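Values below: all heavy atoms of this structure, side chains included; hydrogens, waters and symmetry mates excluded. Predicted model only: the values in this text are computed from it and were never measured.
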Amino acid sequence: QVQVVESGGGLVQTGGSLRLSCAASTTTSIVSINSMGWYRQAPGKQRDLVATISSSGTANYADSVKGRFTISRDNGKNTMYLQMNSLKSEDTAVYFCNARLYSPSTGYSFIWGQGTQVTVSP
């Protein structure tokens, strides 16, 4: 009923920028999208939080990306963005979109996207 799809990943040099998008689609109006977030997972490591944003626009960031990344969302389009500037090699990872959903019948649930690869070259 609800799907999230990431896009915008790619290969960039150190110091460069990328903008990721996460588009959420729902086939039913009884499911609402609450908070959304970006997570990343580097090879051999656990999936870590990058940033989250509430439905009202309140953002939170991991210390490692503060001042470099900006999360935003367009509720009318059910789309979330991650502007990544001053990229470092340690930002290389698969970036996943996460959305917190609410349905009156089933309560809260979470959904993940398939991920998009971000590679920062030296």
Side-chain angles (χ1 to χ4, degrees):
Q1 289 183 327
V2 181
Q3 194 176 23
V4 291
V5 179
E6 305 96 335
S7 61
L11 174 65
V12 64
Q13 290 185 329
T14 297
S17 299
L18 280 175
R19 189 192 195 206
L20 305 183
S21 298
C22 171
S25 61
T26 175
T27 58
T28 172
S29 61
I30 64 173
V31 176
S32 62
I33 300 172
N34 297 152
S35 61
M36 300 181 76
W38 288 100
Y39 292 73
R40 66 186 181 186
Q41 188 168 18
K45 296 188 177 181
Q46 66 181 21
R47 189 173 297 186
D48 292 326
L49 172 69
V50 176
T52 62
I53 186 166
S54 70
S55 55
S56 61
T58 300
N60 287 287
Y61 298 92
D63 287 343
S64 59
V65 305
K66 281 181 181 177
R68 300 188 298 122
F69 291 10
T70 302
I71 190 171
S72 61
R73 65 189 286 176
D74 183 334
N75 290 333
K77 296 180 180 179
N78 282 337
T79 301
M80 174 181 63
Y81 306 96
L82 185 68
Q83 178 66 44
M84 305 185 294
N85 298 327
S86 302
L87 283 161
K88 306 175 181 179
S89 58
E90 50 262 45
D91 295 319
T92 295
V94 178
Y95 284 70
F96 295 90
C97 169
N98 172 274
R100 186 175 183 238
L101 312 174
Y102 177 75
S103 165
S105 59
T106 59
Y108 290 99
S109 61
F110 291 90
I111 187 170
W112 291 92
Q114 293 299 307
T116 184
Q117 176 71 46
V118 171
T119 303
V120 184
S121 64

Look at the side-chain heavy atoms of Ile, Leu, Val, Met, Phe, Trp and Tyr, link any pair under 4.5 Å apart, and say whether [X] and [Y] land in one connected group.
{"X": "Tyr39", "Y": "Val94", "result": "yes"}
{"X": "Leu82", "Y": "Leu49", "result": "no"}
{"X": "Val12", "Y": "Tyr95", "result": "yes"}
{"X": "Val2", "Y": "Met36", "result": "yes"}
{"X": "Leu20", "Y": "Val65", "result": "yes"}

Roughly how far apart are [X] [atom1] and [Y] [atom2], rounded to 0.5 Å?
{"X": "Ser17", "Y": "Arg68", "atom1": "OG", "atom2": "CZ", "result": "10.5 Å"}
{"X": "Ile33", "Y": "Leu101", "atom1": "CD1", "atom2": "CG", "result": "6.5 Å"}
{"X": "Asn60", "Y": "Thr52", "atom1": "CG", "atom2": "OG1", "result": "4.5 Å"}
{"X": "Met80", "Y": "Glu6", "atom1": "CE", "atom2": "CD", "result": "8.0 Å"}

- Message: Treating Thr92 as the side-chain partner and Val120 as the backbone partner, does any N or O pair qualify as donor plus acceptor under 3.5 Å?
- Response: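 Yes, the answer is positive, given that a donor and an acceptor are paired below the 3.5 Å cut-off.
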
- Task: Measure from the side-chain N and O atoms of Arg100 to the backbone N and O of Ser35, and report whether any donor-acceptor pair falls under 3.5 Å.
- Result: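 Looks like no, no N/O pair under 3.5 Å.
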
- Message: Please check if the number of heavy atoms outside Gln117 that lie under 6.0 Å from its CD is greater than 12.
- Response: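 For Gln117, atom CD is crowded (more than 12 foreign heavy atoms under 6.0 Å).
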
- Item | Glu90 atom CD, neighbour heavy-atom count above 12 within 6.0 Å |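 More than 12 heavy atoms, drawn from other residues, nucleotides or ligands, come within 6.0 Å of this atom.
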
- Message: For residues 71-88, which residue pairs pass the salt bridge (Lys or Arg N to Asp or Glu O under 4.0 Å) check, not counting sequence neighbours?
- Response: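 Listed by first then second residue: nothing to list.
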
- Pairs meeting criterion salt bridge (Lys or Arg N to Asp or Glu O under 4.0 Å) with involvement of residues 34-55, two or more places apart: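 As it turns out, the salt bridge (Lys or Arg N to Asp or Glu O under 4.0 Å) pairs with a partner in residues 34-55, which skip direct neighbours, are Arg40-Asp91.
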
For [X] and [Y], which heavy atoms make the closest approach, and how far apart are they?
{"X": "Val4", "Y": "Ala99", "result": "CG1-CB, 4.1 Å"}
{"X": "Tyr61", "Y": "Thr70", "result": "OH-CA, 3.4 Å"}
{"X": "Ala42", "Y": "Ala93", "result": "N-CB, 3.8 Å"}
{"X": "Gly37", "Y": "Ile71", "result": "CA-CD1, 4.5 Å"}
{"X": "Ser21", "Y": "Tyr81", "result": "OG-CD2, 3.4 Å"}

- Message: Parallel, tilted or perpendicular, judged at 30° and 60°: which one describes the rings of Phe96 and Trp112?
- Response: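 Rings of Phe96 and Trp112: perpendicular, as their planes differ by over 60°.
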
- Message: I'd like to know if the side chain of Asn34 pairs up with that of Ser55 as donor and acceptor (distance under 3.5 Å, no hydrogens or angles considered).
- Response: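 The criterion, which ignores hydrogens and geometry beyond distance, is not satisfied for Ser55 and Asn34.
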
